[in-house]
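Residue numbers run from 1 in the order of the sequence given. Atoms considered below: every heavy atom in the structure, side chains included; atoms not considered: hydrogens, waters and symmetry mates. Every number for a ligand or one of its atoms is a count from 1 in the order of the listing.
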Amino acid sequence: MSEVGRSGRGPGWPFRVVWLTEVDSTNRYVLDAAGAGEPEGLVVVADHQSAGRGRLGRTWEAEPGSSLLLSVLLRPRRTIDELHLCTAAVALAMVGAVRDVAGFSAVLKWPNDLLADGRKLAGVLAEVDIGSSGIVRAVVAGIGVNVTENAFPPELASMATACEVIAGRPIGRRRLLAAFLVHLGDRLDTPDPELVAEYRAQLATIGEAVRVDRPAGPIEGIAVDVDDLGGLVVETEAGSTVTISAGDVVHLRPR
Ligand code: BTN
């Protein structure tokens, strides 16, 4: 494992925030900036995205002003195998921010969804710029957090929730952003074993019966752990242990 995470960024590391009224996708905007040589630490926030991107080629839709939609540019000295630790840091930072600002504890569904009351509160999408030599040039970590009740389309109402729904009071997106950046600076400086320990402790997926839809096909079993790189360890009914680095998890008996 590399030395990454120990770059001296620390809590409150000086991120540079650009807040846009509208953009197609904050991830697209920051990826383009990364390609043009922007240093790490750029944070782009948007009130509205016209073509927000979700995981696995999905779209991410939210009413204008209803969500905290942002992307962070990182240039970690990590290999491609270690990138899950970057997105785990982003998800954990938002768990901390939600706790500080909205006063409740969200949990994580592997790989990086935030859940509250068993419903989706936020999702993380990381996109990577990899050079021809296989070196990671940039990671753009995007996160969308449902803040107000109208944050998600009606067809997702049974699966989604929002900070204000759980907290029962108004939650300011700027305060949530400020708290998130303090936690993120801290997590980017956390040694990997501590980061993985925190990730493991926050993962509601561990102990659950799951189906994981993987590129290699679906697999069912009990999620028993995460490995040192954040991969999900699943024990199948046949008794084999499989470690999964990419996929979509369904909790078969959600808590
Ligand atoms: C998921 O599918 O759960 C991940 C969704 C990530 C959405 C965020 S919103 C801000 C950033 N910009 C995008 O286009 N997507 C991410």
Side-chain angles (χ1 to χ4, degrees), residues 15 17-35 38 42-74 83-84 86-95 97-98 106-116 118-129 138-148 150-153 155-163 173-174 176-177 180-181 184 202-205 210 212-215 230 232 246-251 254:
F15 295 100
V17 177
V18 175
W19 196 303
L20 306 172
T21 308
E22 169 138 4
V23 71
D24 52 352
S25 155
T26 56
N27 267 33
R28 194 280 307 153
Y29 186 105
V30 175
L31 269 173
D32 283 1
E38 181 79 23
L42 175 68
V43 179
V44 174
V45 188
D47 289 331
H48 185 232
Q49 296 182 123
S50 56
R53 302 175 183 175
R55 291 181 63 240
L56 306 172
R58 299 181 189 125
T59 57
W60 184 265
E61 291 174 34
E63 285 294 308
S66 67
S67 302
L68 179 59
L69 308 168
L70 67 92
S71 300
V72 184
L73 171 56
L74 301 172
L83 288 182
H84 190 70
C86 288
T87 49
V90 169
L92 288 169
M94 193 56 79
V95 169
V98 167
V107 292
L108 298 181
K109 172 170 157 296
W110 192 90
N112 290 309
D113 283 355
L114 273 73
L115 303 183
R119 297 177 181 206
K120 186 157 173 168
L121 182 75
V124 176
L125 171 68
E127 298 186 75
V128 186
D129 179 3
V139 178
V140 175
I143 184 163
V145 188
N146 303 328
V147 175
T148 68
N150 66 340
F152 35 84
E155 64 272 19
L156 296 182
S158 63
M159 292 177 281
T161 191
C163 293
R173 289 179 297 152
R174 284 175 199 277
L176 198 56
L177 171 66
F180 168 72
L181 294 179
L184 183 59
Q202 291 294 334
L203 266 181
T205 304
V210 293
V212 189
D213 296 322
R214 307 170 300 167
L232 187 68
D248 212 23
V249 165
V250 178
H251 289 181

Leu184 and Phe15: side-chain contact (heavy atoms from CB on, under 4.5 Å), yes or no, with the steps?
CA-CA 10 Å; Leu184 183 59; Phe15 295 100; 3.9 Å; yes

Assess whether side-chain contact (heavy atoms from CB on, under 4.5 Å) is satisfied between Val45 and Val17, documenting all intermediate values.
CA-CA 7 Å; Val45 188; Val17 177; 4.0 Å; yes

One pair to check against side-chain contact (heavy atoms from CB on, under 4.5 Å): Gln49 and Val23. What are the steps and the verdict?
CA-CA 5 Å; Gln49 296 182 123; Val23 71; 4.3 Å; yes

List the steps, then state whether side-chain contact (heavy atoms from CB on, under 4.5 Å) holds for Val30 with Val72.
CA-CA 7 Å; Val30 175; Val72 184; over 6 Å; no

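Counting heavy atoms under 4.0 Å from ligand 1, residue Asp113 touches it through the side chain alone. Residue Lys120 touches ligand 1 through its side chain alone, judged by heavy-atom distances below 4.0 Å. Heavy atoms of Arg28 found under 4.0 angstrom from ligand 1: none, in either backbone or side chain.
Listed by number with element, the atoms of ligand 1 under 4.0 Å from a non-hydrogen atom of Val124 are 4 (C). Of all the atoms in ligand 1, the ones that sit under 4.0 Å from a non-hydrogen atom of Arg53 are 5 (C), 6 (C), 7 (C), 13 (C), 14 (O), 15 (N), 16 (C). Close contacts between ligand 1 and Gly52 involve ligand atoms 14 (O) [criterion: under 4.0 Å to a heavy atom]. Of all atoms in ligand 1, numbered sequentially from 1 with element shown, those under 4.0 Å from a heavy atom of Ser71 are 11 (C), 12 (N). Residue-ligand proximity, Leu70 to ligand 1, at heavy-atom distances under 4.0 Å covers atoms 10 (C), 11 (C). Under a 4.0 Å criterion applied to the non-hydrogen atoms of Gly54, ligand 1 contributes the atoms 2 (O), 5 (C).
The pair Asp47-Arg173 meets the salt-bridge criterion, since a charged nitrogen lies less than 4.0 angstrom from a carboxylate oxygen.
Geometrically, ligand 1 and Trp60 share no nitrogen or oxygen pair separated by less than 3.5 Å.
Atom 13 (C) of ligand 1 has Gln49 OE1, 3.3 Å as its closest protein atom, hydrogens excluded (heavy atom only). Summary of contacts: the protein heavy atom closest to atom 10 (C) of ligand 1 is Thr26 OG1, 3.3 Å. Looking at atom 2 (O) of ligand 1, its nearest protein heavy atom turns out to be Arg55 N, 2.7 Å.
His251 and Thr205 share a donor-acceptor pair across their side chains, judged by distance under 3.5 Å alone. Side-chain polar atoms of Asn150 and Thr148 form a donor-acceptor pair below 3.5 angstrom.
Residue contact check for ligand 1: Arg58 places no non-hydrogen atom closer than 4.0 Å to it.
When all heavy atoms of Val107 and Ala204 are compared, the pair lying nearest together is CG2-CB, 3.7 Å. For the pair Leu73 and Glu38, the tightest heavy-atom approach, listed with the atom from each and the gap, is CD2-O, 3.3 Å.
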